[in-house]
Amino acid sequence: MSEVRAILKDRTGFTSKPIDLWPPVVIPKEQIEEEVRRLASLPRPANGRRAAMIVHPNAQEPGLGLAPGIQVRLDVLLPGERTAPIRHNSTQVNFCIQGAGHTIVNAQTIRFTQYDVWVHPSMAVYTHHNDTKDLHVRLTYSNAALLEKLHIHYVEDNPPTDEPRHAPAGHDHDEQGGGHGAGIAKAFAEPITLDGGAQLMTYERLVNPPVVEQRPLHWPWAKVRAELDKLASLGKEYVGRRLYLLYNPATGRTNGTTNNFFAAITIRPPHIVDKPHRHTSAAINYFFGGTGGSVVEKKTYTWKAGDLMLTAPGFAVHNHRSDDQPVYELTIQDQPLNLAMDSLIWQEDLREAPRVLGSQAGFATNREAVAKR
């Protein structure tokens, strides 16, 4: 590695510029279907992965994404095909938009069908299998774009599948959740408290933090829809959004499906118009039922079932509406990352001041009052 010198840039009296919003972009169903046909027509690659990244025109290397830090990939498997094993430190949300099959991740088999969602933890070895007679297509969302921006995306093809994911045998977890060397960490785990609540933590704790197990999880569409459709009964007077977050308990207070993203599935009954709002987390929607439109920074975009859209660039004012049929949509948002960074500014009502969710009190809806009617 050659020697380099840092550059010092004068910022004396510097004032910040407004947020540079990426423009929304709609990827129509027809464009997605054309790319699926192209991928399906190719000779089978050696690793079995027929894939295309869906990239925003403003994205730049490294870390191409549909939103800054959010990579979206279109994946195709022909009948009888499987992918080679792989693992990486990026996490994934998988969404089957056509066909069915199964995924083996950390030796756990997840059988999926259309509109099922499942997640892969960091460094989990996985393979995808199409054991059906039909084409399988899925959207894969990951934080690979962010890790590539940071130059820390670790990817390993054909990794060993017999490595222990947790502590080796003979090393007990202590109450701090330690793994290897837990006995040493336990003796020095208690912090030293200074005036005002600041603390000192030992190196032993630094390299052996509490373990929160990250597991593959699966949300079958049939079970999600059974609960989701009940929200259609909330009338037009309801001021919230009719959705369920696909919650991973390992993410705790950050309300995630992975530690980076939440995935939420919304039902929007006919002729529902959301109130305008904004948040620093970006949102990407895949619509798989109905038609409607979105207003983003005063510009109107229309969409239909099968379209994918960057609907909310970070902190852009936006709202959505449904036409005369119920709308179903999957939303991927990097809210958990922002919440963990204490950067999740949310303005639910544009007439009120924005709040930092997670460190300030959030917002209430009229759900209880509506439910009693």
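Keep in mind that what you see is a predicted model, and the values were worked out from it rather than measured. One-based numbering along the sequence shown.
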Asks: Check for me, please, whether Leu139 and Leu330 land in the same ILVMFWY cluster - side-chain distances under 4.5 Å, paths through other members count.
Replies: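 Yes; tracing contacts between hydrophobic side chains, which count when under 4.5 Å, links both residues.
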Asks: So His129 and His102, would you call those rings parallel, tilted or perpendicular, with 30° and 60° as cut-offs?
Replies: parallel
Asks: With distance as the sole test, does Thr193 use its side chain to make a donor-acceptor pair with the main-chain N or O of Gln199 at under 3.5 Å?
Replies: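 Not confirmed, Thr193 side chain does not pair with Gln199 backbone.
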Asks: Please check if the side chain of Asp116 supplies one atom and the backbone of Thr113 the other of a donor-acceptor pair under 3.5 Å.
Replies: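 Side chain of Asp116 to backbone of Thr113, a donor-acceptor pair under 3.5 Å: yes, one is there.
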Asks: Please answer whether the main-chain N or O of Val317 pairs with a side-chain N or O of Glu297 as donor and acceptor at a distance below 3.5 Å.
Replies: yes
Asks: Does Tyr328 belong to the same Ile/Leu/Val/Met/Phe/Trp/Tyr cluster as Ile97, with side-chain heavy atoms less than 4.5 Å apart forming each link?
Replies: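 Linked, Tyr328 and Ile97 end up in one cluster.
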Asks: Is any side-chain heavy atom of Leu135 less than 4.5 Å from a side-chain heavy atom of Leu78?
Replies: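 They are in contact (side-chain heavy atoms under 4.5 Å apart), so the answer is yes.
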Asks: Let me confirm one number: the CD1-CG distance from Ile332 to Leu310, rounded to the nearest 0.5 Å.
Replies: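 One finds 13.0 Å between CD1 of Ile332 and CG of Leu310.
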Asks: What side chain to side chain donor-acceptor pair (under 3.5 Å) pairs are there with at least one residue in residues 7-18, not counting sequence neighbours?
Replies: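 As it turns out, the side chain to side chain donor-acceptor pair (under 3.5 Å) pairs with a partner in residues 7-18, which skip direct neighbours, are Asp10-Thr12.
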Asks: Would you name the heavy atoms of Asn143 and Thr91 that are closest together and state the gap between them?
Replies: OD1-N, 2.9 Å
Asks: For the pair Lys149 (side chain) and Pro62 (backbone), establish whether a donor and an acceptor sit closer than 3.5 Å, ignoring hydrogens and angles.
Replies: yes
Asks: Side chains of Ile265 and Phe288, heavy atoms from C-beta outward: is any pair under 4.5 Å?
Replies: yes
Asks: Show the nearest heavy-atom pair for residues Asp334 and Ala282, with the distance to one decimal.
Replies: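 So the minimum-distance heavy-atom pair works out to OD1-N, 2.8 Å.
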Asks: When clusters are formed by joining ILVMFWY residues with side-chain heavy atoms under 4.5 Å apart, either directly or through shared neighbours, do Val207 and Ile192 land in the same one?
Replies: no
Asks: Any sub-3.5 Å donor-acceptor pair from Asn366's side-chain atoms to Glu237's backbone N or O?
Replies: yes
Asks: Quick one: list whatever passes ring-ring contact (aromatic ring centres under 6.0 Å, His included) with His128, sequence neighbours left out.
Replies: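 Partners of His128 under the ring-ring contact (aromatic ring centres under 6.0 Å, His included) test: His120, Tyr126.
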Asks: Salt-bridge test for Arg111 and Asp131: reply yes if a basic N is under 4.0 Å from a carboxylate O, no otherwise.
Replies: yes
Asks: Contact between Lys304 and Phe287 at the side-chain level, heavy atoms closer than 4.5 Å - yes or no?
Replies: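 A side-chain contact under 4.5 Å is absent here.
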Asks: Provide the closest heavy-atom pair for Pro121 versus Val105 in the form atom of the first, atom of the second, distance.
Replies: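 Result for this residue pair: CD-CG2, 4.4 Å.
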Asks: Can you give me the closest heavy-atom contact between Pro24 and Met309, atom names plus distance?
Replies: CB-CE, 4.0 Å
Asks: Contact between His88 and Leu147 at the side-chain level, heavy atoms closer than 4.5 Å - yes or no?
Replies: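 No; the side chains remain at least 4.5 Å from each other.
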Asks: Consider only side-chain heavy atoms of I, L, V, M, F, W and Y, link residues closer than 4.5 Å, and tell whether Val117 and Ile54 are in one cluster.
Replies: yes
Asks: Return the CG to OG1 distance between Asn47 and Thr127, rounded to the nearest 0.5 Å.
Replies: 12.5 Å
Asks: Nearest heavy-atom pair of Ala145 and Ile70: which atoms, and what distance?
Replies: CB-N, 4.0 Å
Asks: How long is the span from the CD atom in Gln333 to the CG atom in Asn285, to the nearest 0.5 Å?
Replies: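 The CD atom of Gln333 sits 8.5 Å away from the CG atom of Asn285.
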Asks: Does Ser322 use its side chain to pair, donor to acceptor, with the backbone of Pro269 at less than 3.5 Å?
Replies: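 Judged by distance alone, yes, a pair lies under 3.5 Å.
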Asks: Tyr286: which residues meet the ring-ring contact (aromatic ring centres under 6.0 Å, His included) condition with it, sequence neighbours left out?
Replies: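 If we apply the ring-ring contact (aromatic ring centres under 6.0 Å, His included) test to Tyr286, skipping adjacent residues, the hits are Phe95.
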Asks: Is Pro210 close to Arg205 at the side-chain level, that is, under 4.5 Å between some pair of heavy atoms?
Replies: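 In short, these two side chains touch, coming nearer than 4.5 Å.
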Asks: Taking the side chain as everything from C-beta on, heavy atoms only, tell me whether Pro326 gets closer than 4.5 Å to Pro270.
Replies: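 Yes, at least one pair of side-chain atoms sits under 4.5 Å.
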Asks: I would like to know whether Asn338 and Ser343 meet side chain to side chain donor-acceptor pair (under 3.5 Å); could you show each step before the answer?
Replies: CA-CA 5 Å; Asn338 278 273; Ser343 60; 2.9 Å; yes
Asks: Passes side-chain contact (heavy atoms from CB on, under 4.5 Å), Asn106 versus Gln108? Steps please.
Replies: CA-CA 5 Å; Asn106 273 357; Gln108 175 182 331; 5.5 Å; no
Asks: Kindly say whether Pro159 contributes a backbone atom to a donor-acceptor pair with the side chain of Arg87 at under 3.5 angstrom?
Replies: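 Here the side-chain-to-backbone pair does not exist.
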Asks: Mind running side-chain contact (heavy atoms from CB on, under 4.5 Å) on Ile27 and Leu66 for me, showing each step along the way?
Replies: CA-CA 10 Å; Ile27 301 91; Leu66 185 51; 4.0 Å; yes
Asks: So which heavy atom on Phe262 is nearest to which on Asn255, and how close?
Replies: CB-O, 3.5 Å
Asks: Determine whether Val327 and Val26 fall in the same hydrophobic cluster, where Ile, Leu, Val, Met, Phe, Trp and Tyr are linked whenever their side-chain heavy atoms lie under 4.5 Å apart.
Replies: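 Looking at the clustering, Val26 is in the same group as Val327.
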Asks: Less than 4.5 Å apart, side chain to side chain, heavy atoms only: is that true for Asn319 and Lys275?
Replies: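 No, every pair of side-chain atoms sits at 4.5 Å or beyond.
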Asks: Report the distance from atom CG of Asn260 to atom OG1 of Thr258, rounding to the nearest 0.5 Å.
Replies: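 Reported value, rounded in 0.5 Å steps: 5.5 Å.
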Asks: Give the intermediate values and the outcome of side chain to side chain donor-acceptor pair (under 3.5 Å) for residues Arg225 and Tyr115.
Replies: CA-CA 10 Å; Arg225 184 172 186 174; Tyr115 306 143; over 6 Å; no
Asks: Is there a donor-acceptor pair under 3.5 Å between the side chain of Thr257 and the backbone N or O of Leu246?
Replies: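 Present.
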Asks: Side chain to side chain donor-acceptor pair (under 3.5 Å): which pairs involve residues 53-74, sequence neighbours left out?
Replies: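 Side chain to side chain donor-acceptor pair (under 3.5 Å) check on residues 53-74 returns Arg73-Asp75.
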Asks: Would you say OH of Tyr203 has more than 12 non-hydrogen atoms from neighbouring residues, nucleotides or ligands within 6.0 angstrom?
Replies: no
Asks: Stepwise, does the side-chain contact (heavy atoms from CB on, under 4.5 Å) test hold for Leu308 with Ile32?
Replies: CA-CA 9 Å; Leu308 177 71; Ile32 293 173; 4.1 Å; yes
Asks: Are any non-hydrogen side-chain atoms of Ser281 and Leu344 less than 4.5 angstrom apart?
Replies: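 They are in side-chain contact.
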Asks: If you measure from CG on Asp274 to NE2 on His320, what distance do you get to the nearest 0.5 Å?
Replies: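 It comes to 6.5 Å.
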Asks: Is there a side-chain contact (heavy atoms from CB on, under 4.5 Å) between Val119 and Trp219 once you walk through the steps?
Replies: CA-CA 9 Å; Val119 296; Trp219 290 266; 3.8 Å; yes
Asks: To the closest 0.5 Å, what do you measure between CZ (Arg138) and CG (Leu77)?
Replies: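 Going from CZ on Arg138 over to CG on Leu77, the span is 5.5 Å.
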Asks: Check this for me, if you would: do Arg37 and Glu34 make a salt bridge, where the nitrogen-to-carboxylate-oxygen distance has to be below 4.0 angstrom?
Replies: no
Asks: If a pair satisfies side chain to side chain donor-acceptor pair (under 3.5 Å) and one of its residues is in residues 239-253, list it, with sequence neighbours excluded.
Replies: Arg241-Glu348
Asks: How about Lys29: does its NZ atom have over 12 heavy atoms from other parts shown lying under 6.0 Å from it?
Replies: no
Asks: Is a side-chain N or O of Ser142 found less than 3.5 angstrom from the main chain of Ala144, in a donor-acceptor match?
Replies: yes
Asks: Side chain to side chain donor-acceptor pair (under 3.5 Å) for His318 and Ser294? Distances and angles first, verdict last.
Replies: CA-CA 7 Å; His318 63 283; Ser294 301; over 6 Å; no
Asks: Among residues two or more places apart or on two chains, list those pairs meeting ring-ring contact (aromatic ring centres under 6.0 Å, His included) that have a residue in residues 130-152.
Replies: Phe112-His136
Asks: Would you say Gln347's side chain and Glu352's backbone share a donor-acceptor pair under 3.5 angstrom?
Replies: yes
